[in-house]
Amino acid sequence: MHPNDPRLNSFIPVERDSHFPIQNLPFGMFTTPANYAPRAGVAIGSQILDLAVLEQAKLLEVVPGERVFNRATLNAFIERGPELWSRARAAISDLLRHDNPRLRDDAALRARAFVPAIAARMLMPISVPGYTDFYSSKEHATNVGSMFRDAKHALLPNWLHLPIAYNGRASSVVVSGTPVLRPNGQTRGSDQRAPVFGPSAKLDFELETAFIVGAGNELGEPVPIGRAASHVFGMVLMNDWSARDIQQWEYIPLGPFNSKSFATSISPWIVTMEALQPFRVAGPPQDPSPLSYLETSGAQAYDIRLEASLAPAGKPATTICRTNLRYLYWSIAQQLAHHTVSGCNLRVGDLMGSGTISGPTPDSLGSLLELTWNGSRPIKLDDGSERCFLEDDDEVIITGYAQAKDHRVGFGEVRGRVVAARAV
Ligand code: MN
């Protein structure tokens, strides 16, 4: 049976609303208090299956005679290529099946191979050589353009012809749970003549997904759009933290710099593109038709429900946004083809953000900038407090999943709490 088959069951119990049924099998890196060594695992229900243990026990051999799951990141595994990703996922699926006694009935091995997720600390799953953030939601680009420029010229003339992006900062990509320091920077309010330096007063989140490059390309050799999909390993959730007051002052003419370089958080589990195949849907119609190097056909979008919530210190979280990846105007294949069309080389582990994913309705806006219309319409939280932008000690949690008839293929979550700025 294919690892995506909805009839598959695991001997590990999985709740119906779990993000991690046997049909998912996302890859991540973790450590435990009992064993500090970082190692690769897959999430199954509320457990983590330790792939380094399986490798050692010779139950899993991705590359003959070589171990790839006892490294510091997943890069060594990912760089083996799509055929081996599939083969490894199929082998893991087979070992977890309810009707396969090999691991199920070996109590000693099971005790070593499974770790309760709650007892593990998740690590950065990959080493990120390069990080690019796209700007592919038409709703988001229209909203931001309306606020930062004017409603009439919200979408710049190039937007409908190419997936706009900027080269982000890879060094500050952090895993879920890492505290996020409020940045200091230069701002100039519309009523000020000269800029001032200090903590950002408009700290924001951006609800995004990101894909991870699994196969690179040589410098000078673009990836044709028809082959783009085979260069993508999987996807994560991403919070592209943004300081709007710094951004508004600095972004012309070269785009965001200090306003986004201080932190980008990702979820620890990489859901493979293979696991997401059943959830492909048609994306929004593209008018005008893109140039031929960006032309695609068929179901290029993914039906993934996404949510963001905000939790003030010691208070319950309030859901403030519900959106869906299917709203994204430019597809992953188009983003990758466009990125390389100049001859730019991508490398294994490169992180490609979708851009803020906003939908057409007022509750589907993927940033506080849009939800509060640049701070002019505060939102109410369940504890009675109001927010225009993030306050110190606020925590932002982004979650998402694709829903099948009887199971979910989910991403878990990416969370991060805001820490007060350093004194200036
Ligand atoms: Mn972004």
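Counting starts at 1 for both ligands and their atoms, following the listed order. No hydrogens, no waters, no symmetry mates; every other heavy atom, side chains included, goes into these values.
- Screening residues 172-224 for ring pair (Phe, Tyr, Trp, His ring centres under 6.0 Å) gives no qualifying pairs among residues at least two apart or on separate chains.
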Side chains of residues 17-32: which donor-acceptor partners sit under 3.5 Å, not counting sequence neighbours?
residue	atom	partner	partner atom	Å
Ser18	OG	Phe20	N	3.0
His19	ND1	Phe411	N	3.4
His19	ND1	Gly412	N	2.9
Gln23	NE2	Asp5	O	3.0
Gln23	NE2	Pro6	O	3.3
Gln23	NE2	Leu8	O	3.1
Asn24	ND2	His19	O	2.9
Asn24	ND2	Gly410	O	2.8
Thr31	OG1	Asn35	O	3.3
Thr31	OG1	Tyr36	O	2.8
Thr32	OG1	Asn35	N	3.3
Thr32	OG1	Asn35	O	3.3
Thr32	OG1	Arg39	NH2	3.1

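- With Thr178 contributing its side chain and Val175 its backbone, the two residues share a donor-acceptor pair below 3.5 Å.
- Centroid-to-centroid, the aromatic rings of Phe233 and Trp85 come within less than 6.0 Å.
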(Q) The test is salt bridge (charged side-chain N to carboxylate O under 4.0 Å, His left out); show your working for Glu66 and Arg71 and say whether it passes. (A) CA-CA 12 Å; Glu66 205 182 319; Arg71 315 287 181 89; 3.5 Å; yes

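- Excluding waters, the set of protein N/O/S atoms under 2.8 Å from the Mn ion (ligand 1) reads Asp133 OD2, Glu206 OE1, Glu208 OE2, Asp240 OD2.
- Qualifying side-chain contact (heavy atoms from CB on, under 4.5 Å) partners for Arg417, counting only residues two or more places apart in sequence or in other chains: Ala313, Glu395.
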